[in-house]
Structures are given as C-alpha cells and as structure tokens.
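Report on the structure given below.
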Amino acid sequence: MKELFQRIKLDVIIGAVCCIAFGIVLILWPTEVTTIACKMIAAVIAVLGLVTLISYLLNTKEKHRINLPLGLVLLFIGIWIFLKPNSIQSMLLIGIGVVLFVHGFEDFKYALETRRYGYEFYWVILLMSVVGMGLGIACIVDSFGVISVALAFVGLALIYDGITDIWIVSRIAKTAKSVKQQVDEFHVVETEAEVITEDVTEESEM
C-alpha cells in the first residue's frame, strides 16, 4: 500500500511539474508552442495514414477495402493540419480544458478521502478542485474566443493546476502519516493493556 501511494504521489508531482512548465511556456510563447504542437499532431496523423496505405499495398493476399480510403483520409488530414496548424488550435485548447477538468474532479475525490480520514481543512482541497473544474470548463468555452487571450488563460490555468496538485498531494501525505501514527499509538496502548492484564492475572493466581 505504501509503495502504491509513493508511486501515485510521484506520478502526480511529475504531472504537476509538467503542467507548470507547459503553462509558463504557453504564456511566454503562445503562438509558437501551439503551432509546434499542432504540427506534431499532424505528423502523427499523416504517418498513421501512410502506414495504413503501405500496409494495404503490401498485403496482396488479404486486402481490407476500408484501409485504402482510411489511409488516404488520414494522410490528407495530416498534411492539411501541418500546412494550416491554426485550424485545430481551438481543438487543442479544448483538449487541455478537458484535462484540467479531469484533474479537478480527481482532486474533488481526494478532498472527500481526506475528509473521511479526519483532515479538518479538507474544504480547502474541495474549493481548489471546484475552481480547477471551473477553469477546465472556462478553457473549453474560451477556446472559441480570441486565441492569444485563450492561450494566456490556459497557461495560467495549467500553472494553477500544477501548484494545487502538489499542495493537495502534500496534504494527503500529511494526513496519511497522521492516520498511521494514530494507528501505531493505538497498537502500543493495546499491547501495554494486554501486558498489564496478564500481570494482574498472574498476581491474582499467586
């Protein structure tokens, strides 16, 4: 259980640091970053289309008819997006908004978990999670507005998401440590009570 928590903690921290870094980069170089990201997506789609076409041409025995039009469509879409990366910037921002919303929802579940284990400031995590989900929705909505403004807003939202994730993980770790300490203290008291009971029983028998 401890190893699982450590792995989850490490994954969340790495993800949070990446969000903060990407958010800063997005604020400093909004157009360049989204253009590169869109071109990378375009290249992946084009390669998938090319691989599908090559697979169709090389497979002389069993040819799936769907592979030819599918490969052509993927190749065409990849080339089109590569030449016009601005055409999918809004979709990229929507994707980031969805990620932010999912992170906020996960933080909401963490808030409920910390409440169950007695963390009195669970409501702070709860508030942060609601704000995070709100930012995700706002990014999706704002992606249809002015792109430069939307990119700066998304960058700030990513930085917020990363910082809150790191803080929430630290609170969860502190709560888990407190619960473990209470359990250990309970076991110590229980053991001492058993020892005292055994001593009293032995003396009464004598």
Would you call Met128 and Asp107 a side-chain contact if the rule is heavy atoms closer than 4.5 Å? no
Measuring from Ile41:CD1 to Ile45:CD1, what's the distance to the nearest 0.5 Å? 7.0 Å
Which heavy-atom pair separates Ile166 from Ala16 by the least distance, and what is that distance? CG1-CB, 3.5 Å
Could you state whether Ile54 and Val47 fall into the same hydrophobic cluster, counting links through intermediate Ile, Leu, Val, Met, Phe, Trp or Tyr residues with side-chain heavy atoms under 4.5 angstrom apart? no
Are Val169 and Trp123 connected into the same hydrophobic cluster when the rule is that any two of I, L, V, M, F, W, Y join if their side-chain heavy atoms are below 4.5 Å apart? yes
Smallest separation among heavy atoms of Leu48 and Thr52, with atom names: O-OG1, 2.8 Å
Heavy-atom pair of closest approach, residues Ile81 and Cys38: CG2-O, 3.8 Å
Separation of Asp165 CG from Ile14 CD1 (nearest 0.5 Å): 13.0 Å
Give the other cluster members for Met40, using side-chain heavy-atom distances under 4.5 Å between Ile, Leu, Val, Met, Phe, Trp and Tyr residues; answer none if it is isolated. Ile36
Heavy-atom pair with the smallest gap, counting every atom of Cys19 and Asp161: SG-OD2, 3.7 Å
More than 12 non-hydrogen atoms from neighbouring residues, nucleotides or ligands closer than 6.0 Å to CZ on Phe82, yes or no? no
For Phe108 and Ser129 the tightest heavy-atom approach is N-CB, 3.3 Å
Answer whether the closest heavy-atom distance between the side chains of Leu75 and Leu53 falls below 4.5 Å. yes
Taking a hydrophobic cluster as the set of Ile, Leu, Val, Met, Phe, Trp and Tyr residues connected by side-chain heavy atoms closer than 4.5 Å, whether directly or through intermediates, do Phe105 and Val99 fall within one such cluster? no
When rounded to the nearest 0.5 angstrom, what is the spacing between CG in Leu50 and CD1 in Ile79? 9.0 Å
I'd like to check Thr164 versus Val131 (side-chain heavy atoms, cut-off strictly below 4.5 Å). Are they in contact? no
Grab the two heavy atoms, one from Leu158 and one from Gly23, that are nearest each other, plus how far apart they are. CB-CA, 3.9 Å
Do the side chains of Trp167 and Tyr122 join up, straight or via other hydrophobic residues, at under 4.5 Å, putting them in one cluster? yes
